Protein chains: 2
Amino acid sequence: MTSNICDGETINVLFYGFGAIGSVYAFILSRVSNVRLTVVARSNYQAVKENGLKLISQNHGENTFHPANVIKTPDEAPGHYDYIVCSNKAIGQEAVAKSLAPVISESTTIVLIQNGVGNEDPFRAIYPQNTIISCVAWTGAIQNTPGIVHHTKNENLQLGLFPNPNVSTEIEDKRLNVFSELLSAGKTPHEVFSPSRLQTARWEKVIWNCAWNCLTTLTRLHTHEWLNSSPEAMNMTRTLMGEVVTVARKMGVDIKDDLIERLMKRILGMPSIGTSMLTDALCGRQLELDVILGVPVKRGRELGVDMRVCETVYTLLQGVDLGLRQGGPRST
Amino acid sequence: MTSNICDGETINVLFYGFGAIGSVYAFILSRVSNVRLTVVARSNYQAVKENGLKLISQNHGENTFHPANVIKTPDEAPGHYDYIVCSNKAIGQEAVAKSLAPVISESTTIVLIQNGVGNEDPFRAIYPQNTIISCVAWTGAIQNTPGIVHHTKNENLQLGLFPNPNVSTEIEDKRLNVFSELLSAGKTPHEVFSPSRLQTARWEKVIWNCAWNCLTTLTRLHTHEWLNSSPEAMNMTRTLMGEVVTVARKMGVDIKDDLIERLMKRILGMPSIGTSMLTDALCGRQLELDVILGVPVKRGRELGVDMRVCETVYTLLQGVDLGLRQGGPRST
């Protein structure tokens with residue numbers, strides 16, 4: 001299968017967002033000879049433009065790669081792209097979708113490698129003729145220095161279509177398969193899911209993120225410290241996750257009964273960790289709040305789910321986020 | 001009335017906790033000629049020992065006063081005290097009560113000038129023969145430099161008995177009246193309340209503090225920024241206060257129907273403020289959490305009140321408090 005891809009015509013791929021996760025998957029695609037990579041880099045633009053991206057990976061060793069084109073905004077390289085991979089933090093998703101207009105044509109497939117749920121909706125609304133591939137990354141990577149990404153052993157991408165009734169199933173399937181083949185050719189573990197199973201994966205991950213990202217950010221504790229901080233912390237975490245499970249099920253997403261216990265077991269089997277949202281808060285950066293907690297809360301409201309714990313946490317985090325956008329913690 | 005007091009025998013008064021509020025009321029009593037003041041100072045011990053306490057007050061002008069005795073712990077000056085004023089932050093109330101044993105005899109009246117509810121219980125349990133005067137201070141003061149306290153125009157003390165069935169009403173009333181006369185002689189506005197009205201005052205203030213202290217601390221925003229941070233913030237604040245109102249009423253405390261609206265109106269009529277709890281969090285100090293939110297939540301649980309917003313906020317703040325006790329916000 002992969003020979004098919006590797007021997008074919010040039011495949012133009014644009015990565016929007018060249019943070020840690022984007023860098024890992026851009027590296028994976030950079031290994032495929034006929035992929036031509038364009039990356040939209042922001043905070044690390046200068047470093048990547050000058051020295052390329054250095055990936056220090058426990059799975060793939062140390063590699064420096066140079067995308068064919070490093071740009072600051074999509075305007076700088078308008079044209080046709082076969083795949084646009086959004087690996088940016090999902091903040092202001094609608095504005096980002098609009099800004100991609102110069103690089104999206106009807107045959108462009110939009111690939112979302114982002115945390116959260118509901119991420120596809122603004123893209124579907126603005127680009128109703130395009131194929132969307134939705135991905136859940138379970139990949140551990142961090143970029144402490146611009147242009148230098150450390151990748152742990154964690155590496156898995158779950159992907160599936162966000163089906164478009166305006167595009168034939170055959171074409172959508174082909175676009176999904178080609179992207180999967182690129183990942184195979186780039187030698188990264190991944191799983192192709194049905195659309196409904198992929199949504200289950202998104203919600204499962206969002207339930208994970210709702211708990212750990214939000215609760216560590218509000219308390220400024222790492223995961224295990226949080227869980228042990230009071231007799232109530234563990235139960236409150238379960239209640240919060242349970243509220244999101246109820247919303248997901250009411251939306252028709254298939255969430256298994258043992259999910260919460262599996263997630264609790266998983267976190268307790270790991271070392272105590274800070275989360276990406278806590279890191280953002282401590283660094284004074286805006287939070288990826290809406291796709292993680294905001295969408296579940298809004299869907300819950302529409303569906304009449306009692307989700308007072310989520311609502312409370314969401315309201316508090318909107319306050320935290322406002323403070324960060326206004327320049328970080330105030331002194332009194 | 002006051003001449004009675006001023007001309008009489010020496011009245012020994014010990015202040016435990018010589019922060020901003022303790023300093024204001026110690027200053028008030030220092031104006032009464034036959035009061036002999038002992039103060040237990042901690043962080044400002046050296047400054048006060050050497051230079052006295054400088055109070056810069058919008059109501060009383062600039063004054064420096066020297067307590068007769070400045071000590072670090074109650075052990076240093078055992079003996080008989082007519083009044084022991086606890087003006088410390090109400091953290092570890094039981095341990096503080098125990099540590100006061102060397103200075104409490106049966107005729108000592110314990111005066112609590114502290115935020116919170118339930119503050120009297122550990123004292124009543126350990127000293128069942130003593131009179132307790134419970135006070136609610138609406139006095140604005142801050143000590144940014146050890147030994148130098150700035151006092152705003154806000155100044156009012158509401159006081160009343162926490163009635164002791166083991167002591168005759170006549171004796172309890174007399175002890176309350178003498179303390180009130182000392183406040184009059186020291187020229188500070190105050191109101192003597194019946195025991196039940198005083199508990200109403202304590203709960204009214206705790207409802208105020210539950211909202212502003214807790215929500216500003218979790219979000220690190222000042223009051224008005226918090227209230228405007230999202231469409232939900234105002235309502236969530238009302239819900240939180242409403243849960244505490246329900247608990248208070250179930251306990252038999254008389255809370256008027258319009259309290260929440262009065263408190264909202266009051267906060268919106270003031271400039272946006274940071275709170276003492278937010279200041280503590282930003283300075284890495286332990287939070288005065290249990291008497292402010294912990295007691296209402298525990299009473300609510302006992303009484304079967306649904307208080308999920310308070311529970312969530314309390315659980316989160318216990319996490320924040322743990323982090324502060326362990327040395328402040330972690331970097332990741």
Side-chain angles (χ1 to χ4, degrees), chain A residues 142 144 214-223 225-237 239-240 243 272-283 289 294 297 301 306-326 328-332, chain B residues 142 144 214-223 225-237 239-240 243 272-283 289 294 297 301 306-326 328-332:
Chain A
I142 191 161
N144 284 326
C214 296
L215 300 173
T216 58
T217 301
L218 280 170
T219 59
R220 305 198 163 211
L221 297 177
H222 286 201
T223 49
E225 294 167 284
W226 154 250
L227 288 170
N228 295 319
S229 65
S230 72
E232 297 85 14
M234 194 94 70
N235 270 339
M236 184 199 132
T237 308
T239 305
L240 181 146
E243 291 177 355
S272 185
I273 52 166
T275 63
S276 59
M277 196 186 276
L278 172 59
T279 304
D280 286 340
L282 293 175
C283 296
L289 183 58
V297 164
R301 271 181 213 148
D306 179 351
M307 45 189 333
R308 228 169 318 162
V309 174
C310 282
E311 289 253 16
T312 303
V313 167
Y314 179 52
T315 306
L316 291 167
L317 278 172
Q318 285 179 87
V320 171
D321 192 44
L322 176 75
L324 293 167
R325 279 183 280 132
Q326 288 180 347
R330 296 263 312 248
S331 63
T332 49
Chain B
I142 190 160
N144 284 327
C214 296
L215 299 173
T216 58
T217 301
L218 280 170
T219 59
R220 306 197 164 213
L221 296 178
H222 286 202
T223 49
E225 293 166 285
W226 153 251
L227 288 169
N228 296 319
S229 63
S230 71
E232 297 85 12
M234 194 94 71
N235 270 338
M236 184 199 132
T237 307
T239 305
L240 181 146
E243 291 177 354
S272 186
I273 52 166
T275 64
S276 58
M277 196 185 276
L278 172 59
T279 303
D280 286 339
L282 293 175
C283 296
L289 183 58
V297 164
R301 272 181 212 148
D306 180 350
M307 47 189 332
R308 227 169 318 164
V309 173
C310 282
E311 288 253 15
T312 303
V313 167
Y314 179 52
T315 305
L316 290 167
L317 278 171
Q318 285 179 87
V320 171
D321 192 44
L322 176 75
L324 293 166
R325 280 185 279 129
Q326 288 179 346
R330 296 264 312 250
S331 63
T332 49

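Naming: A, B, ... by sequence-line order, numbering from 1 per chain. All values below come from the heavy atoms of this structure, side chains included, with hydrogens, waters and symmetry mates left out. Predicted model only: the values in this text are computed from it and were never measured.
Rounding to the nearest 0.5 Å places CD of Q318(B) at 11.0 Å from CE of M236(A). Rounded to the nearest 0.5 Å, atoms CD (E225(B)) and CG (L322(A)) are 7.0 Å apart. A distance of 10.5 Å separates CG in L324(A) from OG1 in T219(B), rounded to the nearest 0.5 Å. The CZ atom of R220(B) sits 10.5 Å away from atom CG of L218(A), with the distance rounded to the nearest 0.5 Å.
Smallest separation of non-hydrogen atoms from E232(A) and T315(B): CB-OG1, 3.5 Å. Residues G319(B) and L221(A) come closest through the heavy atom pair O-CD1, 3.3 Å.
Listed by chain and residue number, T275(A) satisfy the side-chain hydrogen bond (donor to acceptor under 3.5 Å, both in side chains) test with T216(A) (two or more places apart in sequence, or in another chain).
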Practice problem: Under the side chain to side chain contact (heavy atoms under 4.5 Å, CB included) rule, what do T239(B) and E311(A) come out as? Steps first, then yes or no, please. | Solution: CA-CA 12 Å; T239(B) 305; E311(A) 289 253 16; over 6 Å; no

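With chain A as the partner, the residue from N235(B), I273(B), V320(B), L316(B) showing the most heavy-atom pairs under 4.5 Å is L316(B).
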